[in-house]
There are 2 protein chains.
Amino acid sequence: MRLVIARCVVDYVGRLSAHLPDAVRLIMVKSDGCVAVHADGGAYKPLNWMNAPNCFKDEGDTWAITNTKGEQLQISFTEVISDKTYELGSDPGLQKDGVEAHLQELLAGAPEALGEGFKLIRREHQTEIGPVDLLCTDAEGQTVAVEVKRRGEMDSVEQLSRYLEFLQHDQLIAPVRGMLVAQEFKQQAKTLAQRRNIEWRVVDYDDLRGMEQAQSRLF
Amino acid sequence: MRLVIARCVVDYVGRLSAHLPDAVRLIMVKSDGCVAVHADGGAYKPLNWMNAPNCFKDEGDTWAITNTKGEQLQISFTEVISDKTYELGSDPGLQKDGVEAHLQELLAGAPEALGEGFKLIRREHQTEIGPVDLLCTDAEGQTVAVEVKRRGEMDSVEQLSRYLEFLQHDQLIAPVRGMLVAQEFKQQAKTLAQRRNIEWRVVDYDDLRGMEQAQSRLF
DNA sequence: GACTCTATCTCGGTA
DNA sequence: TACCGAGGTAGAGTC
């Protein structure tokens, strides 16, 4: 990784045009070739950047970095204060826990957490406008389309509404109930769900984990 | 700005849990107190971070950074390779050109780009649930609610649908046509728009600029 | 402070 | 490759 502290002017032309007047900044060049220009503030997002893969041209006091789509980042240096390169080696990578995918996985393994007699038909059921997280049947054998979220907000209700709109026209599946499942809900989401005749249910991540472990001990 | 190159283990506990095994990384601390942990690859997004404002506790070989929501980032150093601080000064900031606001501006100045005989009634027409980008009349004098986007996606169709729902109940305005305008559209957005009886139209940014310039030369 | 919407979103998955 | 959806989305603007 190359770290350059320098006074510079930066221009980006691509999906939009952006210009940075002359000032001292950090320019980070990673070993995969991506470049980021950071100011000393403003969270982790750089002011300007160019992802890998790209073509890097060093013209002395100006760098011209172009990607395959023709977008270009140009950095003109007026004063280089520091220029150092470090060997970092490869990174073992980030391990995440507690995202939506895990919640969906746990629910697929324990559909009865959604309601008594619930059985899983399939995960990621494809429709014309995207995949429904879980397709189940309830105790009466009626189909239930389930949308799983970490937090239930308005757009979750709309997403499920869209799916239902299409599923109700699928003769193999209709009629369908809609159910929104999340660890917490915003009041607005509950209100909208009720108006749309969509059920909502709070599930607890740790409880589900417990159920899964209890089940795995049974077999 | 403080730049530390170090072998370290990182843990984040907050909205999710994330763990980084021991490896050499760059830790960037900006003057506003935000912290970012970068690997030597993977675009500009850090592996882990904590935005400002936060409480930074240096316990020697471990940093504990906590924000007001109780989320915590913990960095344990096993070997510090470099630790340097630079004065960057304040940044004049980024100047952008070519975002949605400009597209809306150009269309407001050239409504005929939306269809023959189109005339602008007003921009940012307020409804109970938010502003409609452009309100126009078509050649027949019927009102058209126009939503402007850089890219037309499903969310855009939903947004316009919501507005139309309210506008159709406004006796001064109804009946209203809905039109989605963008530089490009996703297929699913087109499908959903068609189902909702919403028109969609591709416009070209450079063409619009040309129209505007041609018009300004006329007067 | 809460809500809404944009973003050179980024990033990972999948067809 | 393109498309789709999640995100510790972040960040800006509005109310």
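Throughout, protein chains are lettered first and strands after them, A, B, ... in sequence-line order, and every chain is numbered starting at 1. When reading the values below, keep in mind they use all heavy atoms of this one structure, side chains included, and skip hydrogens, waters and symmetry mates.
The pair Lys149(A)-Glu147(A) meets the salt-bridge criterion, since a charged nitrogen lies less than 4.0 angstrom from a carboxylate oxygen.
Residue-level contact check: Met50(B) touches the bases, meaning some heavy atom is under 4.0 Å from a base atom. Across all strands, Arg151(A) comes closer than 4.0 Å to no nucleic acid atom at all (heavy-atom distances). Residue Gln188(B) is in sugar-phosphate contact alone, with no base atom involved, counting any heavy-atom pair closer than 4.0 Å across all strands shown. When heavy atoms are screened at a 4.0 angstrom cut-off, Asn48(A) is found touching base atoms of the nucleic acid. Contacts of Glu100(B) with the nucleic acid, taken as non-hydrogen atoms under 4.0 Å apart, involve only primed sugar atoms and P, OP1 or OP2. Looking at heavy-atom distances under 4.0 Å, Glu158(B) makes no contact with the nucleic acid at all. Within the nucleic acid shown, Tyr44(B) comes within 4.0 Å of sugar-phosphate atoms alone, with no base atom in reach, counting heavy atoms only.
Taking atom CZ of residue Phe166(A) and atom C1' of nucleotide dC4(D), one finds them 15 Å apart after rounding to whole Å. Distance CG (Asp97(A)) to P (dG7(D)): 13 Å, rounded to an integer number of Å. Counting to the nearest Å, the C1' atom of dT4(C) and the CG atom of Leu160(B) are 16 Å from each other. One atom, CG of Leu103(A), and another, P of dG5(D), lie 18 Å apart when rounded to the nearest Å. We find that NZ of Lys186(B) is positioned 13 Å from C1' of dA7(C), with the value rounded to whole Å. Atom-to-atom, CD of Glu71(B) to P of dG7(D) comes out at 14 Å; the value is rounded to the nearest Å. Going from atom NZ of Lys69(B) over to atom P of dT9(D) covers 8 Å, rounded to whole Å. The distance from atom CG of Leu73(B) to atom C1' of dG8(D) is 11 Å, rounded to the nearest whole Å.
Residues Ile173(A) and Leu135(A) are in side-chain contact: their nearest non-hydrogen atoms beyond the backbone lie under 4.5 Å apart.
In this structure, the ring of Trp63(B) has its center less than 6.0 angstrom from the ring center of Phe77(B).
Summary of the strand contacts: Met154(A) and Leu16(A) both lie near DNA chain C, and taking for each the nucleotide with the nearest heavy atom, the more 5' one is attributed to Met154(A). The 5' end of DNA chain D is approached more closely, in terms of each residue's nearest nucleotide, by Ala101(A) than by the other of Ala101(A) and Ala43(A). Both Gly14(A) and Gln126(A) lie close to DNA chain C; mapped to their nearest nucleotides by heavy-atom distance, the more 5′-ward contact belongs to Gly14(A).
Regarding contacts with the backbone of dG11(D), a side-chain N or O of Asn51(B) is found under 4.0 angstrom from either OP1 or OP2. Under 4.0 angstrom from either OP1 or OP2 of dG5(D) there lies no side-chain N or O belonging to Arg162(A). The side chain of Lys45(A) contributes no N or O atom lying less than 4.0 Å from OP1 or OP2 of dT10(C). Residue Tyr163(A) places no side-chain N or O under 4.0 Å from the OP1 or OP2 atom of dC4(D). When the side-chain nitrogen and oxygen atoms of Gln159(A) are compared with OP1 and OP2 of dA6(D), one or more of them lie within a distance under 4.0 Å.
Proximity note for Ala18(A) (side chain, C-beta onward) versus dG8(D), dT8(C), dC4(D): the nearest is dT8(C).
Both geometric conditions, a ring-centre gap below 5.5 Å and a plane tilt below 30°, are fulfilled for Trp49(A) over the base of dT8(C).
No donor-acceptor pair under 3.5 Å is formed between the side chain of Arg201(A) and the backbone N or O of Met179(A). With hydrogens and angles disregarded, no donor-acceptor distance shorter than 3.5 Å links the side chain of Arg7(A) to the backbone of Thr78(A).
Under the 30°/60° scheme for interplanar angles, the aromatic rings of His38(B) and His38(A) are found to stand perpendicular.
Pair assignment for dG8(D): none, as no Watson-Crick or G-U wobble contacts are both less than 3.5 Å.
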